[in-house]
Amino acid sequence: MSAEKSAPLNAAVREIWHRARATVEGDVEQVEAAATGLLLGLLDERTRKEGERAAHKLAGSAGIFGFPRASETAARIERMLDAPIPADAALLAELALSLRTQLLGSQAESGETGSANESRAAADLPASARALVLTWDDALGAAIAVAASALGISPHVVRTEADAVRLLERVGCAVVLIDAVTADNHVREVVERVAHVHNVPVIIAGAAGGLEGRLAALRQGARG
Amino acid sequence: MEIRHLLLIEDEDNVREVAQISLEMMAEWRVSTAASGEEGIMRAREELPELILLDVMMPGLDGPSTLQALQSDPRTAGIPVIFLTAKAQVSDQSRLLGLGALGVITKPFDPSTLHLEIARVAEWPL
């Protein structure tokens, strides 16, 4: 491609991408609605079809704007949502999350060929935009990640306390959510090591919603 | 490169706009556009383009139904049609070619080389 033609073409594609961003975000949200619905066992036919249609649109268009990996992710989602009852809710949620990061990450730009945009989309975010989720329950982690992403928060799901500490040391986070089941009977120790060392607020998620359980979590160092 | 006249039928605004701009800028072809199968059939009858780029999955009249309508009208029956589709599977491509399309170009396409793909399928000299 000659330089005198490629530069104006890239600029035009970039401009179209910026105008299309709201539409793209709407399509990603429809995919997330289908993924969340499946996770919660509440996926209705209309939501599934809307998610499939949105994934189809993104599969065909993302690569045009320099996001080839996002196109592949969207195509996988489209194939999963093609089934009347999609299998593997956790995988669908992870793919939906990847799709948002690949397309709408804070550094995502457009108008260039290849995958240059995607490497920039994965660039570091400020700690204030990150949330750390400690759980070994993949479905729960994926569900929280999808919900966080929809709120503009970049989620990091880890399965072990050691991974949580490493991530906090490396990049920092605005909040830590600890699955009480994952922390087993060592919630206090985990909270102290993972979060208080780094002065990060902690939320403990537990299946039991009773007053006694909540008070116990607060006594163990949670802020909510 | 010879100046060609194409009709692009594509319901997604951003894809349609990128394809139009890329063909106009890179190949200096004349590109008419339509946002639906129904509008595309009307434009094809009015403008008689040399080639039609036709999206497969569209609300209302989809690509295959649009092609059928074009083929059934003597004014447009001879216009070659290339399908644009995000479905890259071989079985889909065979099915689309079986309907009488000249070729299939898969989305996402590269805006900088779309004109070369079209010229290759249409066997247009560059």
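Below, read A as the first sequence line, B as the second, and so on, with proteins coming before strands; counting in each chain starts at 1. No hydrogens, no waters, no symmetry mates; every other heavy atom, side chains included, goes into these values.
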### Message
Under a 4.5 Å cutoff for heavy-atom pairs, which residue among B:A19, B:S22, B:P108 has the most contacts with chain A?
### Response
B:P108

State whether [X] and [Y] are salt-bridged, where the test is any N-O pair (Lys NZ or Arg NE/NH1/NH2 against Asp/Glu carboxylate O) under 4.0 Å.
| X | Y | result |
| --- | --- | --- |
| B:D55 | A:K57 | no |
| B:E10 | B:K107 | yes |
| A:E72 | A:R76 | no |
| A:R46 | A:D44 | no |

### chain B contacts, top residue of A:A75, A:A74, A:A59, A:A62 (heavy-atom pairs, under 4.5 Å)
A:A59

### Query
Considering only heavy atoms, which portion of B:D11 lies under 4.5 Å from any heavy atom of chain A: side chain, backbone, both, or neither?
side chain

### Task
Name the region of B:E12, side chain, backbone, both or neither, that has any atom closer than 4.5 Å to a heavy atom of chain A.
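B:E12 touches chain A through side-chain heavy atoms alone.
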
